[in-house]
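None of the values given here were measured: they were computed from a predicted structure.
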Amino acid sequence: MSAAADDRAARGGPLLVACALRIEQVALRSAGHGSVRAADPAQAGAHTLLRTGMGPRAAERALRRALERPGTERAAVLATGFCAGLLPGMSPGDLVVAAETRDPRGTVPCTGTALLAEALARAVPGRTVHTGPLTGSDHVVRGQERAHLRATGAVAVDMESAATLWTAVRGGDRPVAAVRVIVDAPEHELVRIGTVRGGISAFRVLRAVLPAFYEWHRSSLLPRR
């Protein structure tokens with residue numbers, strides 16, 4: 001290892017990728033090596049995959065436990081999985097890169113949003129990549145509530161990203177990001193998440209995103225100017 005690589009390793013930490021649902025975990029595990037069970041989130045390969053369970057409380061609890069384990073003190077945290085899009089014209093399989101996450105406790109700015117969006121465009125060519133605020137909810141959002149959230153400036157909503165990133169930054173100074181794949185949009189309301197198993201494009205998109213996550217993580221280890 002070069003001196004520059006040693007220096008980056010000393011300043012940085014591993015990549016922790018957090019998702020909520022088993023189907024999200026399956027997609028990410030099938031994409032490559034390095035995934036582990038939430039029950040044993042030891043570093044393996046290029047990233048650690050943590051399945052938190054559904055909802056903000058589960059996400060906060062699981063991430064807090066993961067960051068208490070040796071070797072994760074400096075971990076970069078990236079929340080991912082599926083989400084509901086809020087903007088007209090969004091389609092299943094579109095990607096959302098959060099510029100910030102929001103929940104009732106406050107706002108968490110994300111790291112390297114532009115770089116991550118560019119890396120995703122290369123990793124999943126032909127897919128639309130949206131950037132903007134990602135808001136949190138403790139329940140599935142539908143109908144008029146979707147319009148209300150859109151009026152706040154948010155581009156998408158999910159149940160775990162805001163809680164995940166809030167917990168991550170409370171535990172120390174670290175790079176954080178959130179990338180979500182749209183399964184539910186104003187013109188494409190999803191009846192139940194199980195229909196993803198029937199071949200919805202979002203599953204295939206989620207399988208393709210890991211190279212972009214690695215590129216984002218490598219950039220977070222570079223000296224900040």
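In this structure, the side chains of Val179 and Trp216 stay at 4.5 Å or more apart for every pair of heavy atoms. Between Arg57 and Glu60, the closest side-chain pair of non-hydrogen atoms is not below 4.5 Å. Annotation: side chain of Arg122 is not in contact with side chain of Pro211 (no heavy-atom distance under 4.5 Å). Between Val183 and Pro92, the closest side-chain pair of non-hydrogen atoms is not below 4.5 Å. With contacts defined as side-chain heavy-atom distances shorter than 4.5 Å, the pair Val209/Leu95 qualifies. Counting heavy atoms from C-beta on, the side chains of Leu16 and Leu63 come closer than 4.5 Å. Between Asp184 and Arg146 the shortest side-chain heavy-atom distance falls below 4.5 Å. A heavy-atom distance below 4.5 Å is found between the side chains of Leu28 and Cys19.
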Side chains of residues 156-172: which donor-acceptor partners sit under 3.5 Å, not counting sequence neighbours?
residue : atom : partner : partner atom : Å
Asp158  : OD1  : Ser161  : OG           : 3.0
Asp158  : OD2  : Glu160  : N            : 2.8
Asp158  : OD2  : Ser161  : N            : 2.8
Asp158  : OD2  : Ser161  : OG           : 3.2
Asp158  : OD2  : Arg180  : NH2          : 3.2
Glu160  : OE2  : Gly55   : N            : 2.7
Ser161  : OG   : Arg180  : NE           : 2.9
Ser161  : OG   : Arg180  : NH2          : 3.1
Thr164  : OG1  : Glu160  : O            : 2.8
Thr167  : OG1  : Ala163  : O            : 2.8

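In this structure, CG on Leu134 lies 7.5 Å from SG on Cys110, to the nearest 0.5 angstrom. Taking OG from Ser220 and CG from Leu15, the interatomic distance works out to 8.0 Å, rounded to the nearest 0.5 Å. The NE2 atom of His47 sits 4.5 Å away from the OH atom of Tyr214 when rounded to the nearest 0.5 Å. Note that OG1 of Thr80 and CG of Leu210 are 8.5 Å apart. Values are rounded to the nearest 0.5 Å. Interatomic distance, Arg127 CZ to Arg204 CZ, rounded to the nearest 0.5 Å: 6.5 Å. Rounded to the nearest 0.5 angstrom, Thr52 OG1 and Arg61 CZ are separated by 9.5 Å.
Within the 3.5 Å criterion, the main-chain N or O of Leu116 finds no donor-acceptor partner in the side chain of Glu118. Remark: side-chain polar atoms of Thr111 are not paired, donor with acceptor, to backbone N or O of Ala177 under 3.5 angstrom. Between the Arg69 side chain and the Arg65 main chain, a donor and an acceptor come within less than 3.5 Å of each other.
Here the closest heavy-atom approach between residue Arg174 and residue Ala75 is recorded as NH1-O, 2.7 Å. A pairwise comparison of heavy atoms in Ala20 and Arg51 identifies O-CG, 3.3 Å as the closest pair. Of all heavy-atom pairs between Glu215 and Ala119, the closest is OE1-CB, 3.6 Å. Between Val129 and Ala117 the shortest heavy-atom distance is CG1-CB, 3.9 Å. What you find for Ala76 and His217 is that their closest heavy atoms are CB-CD2, 3.8 Å. Smallest separation of non-hydrogen atoms from Leu21 and Met54: CD2-SD, 4.0 Å.
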- Message: As a quick check of understanding, evaluate side-chain contact (heavy atoms from CB on, under 4.5 Å) for Val141 and His148, giving each step before the final call.
- Response: CA-CA 10 Å; Val141 172; His148 172 73; over 6 Å; no

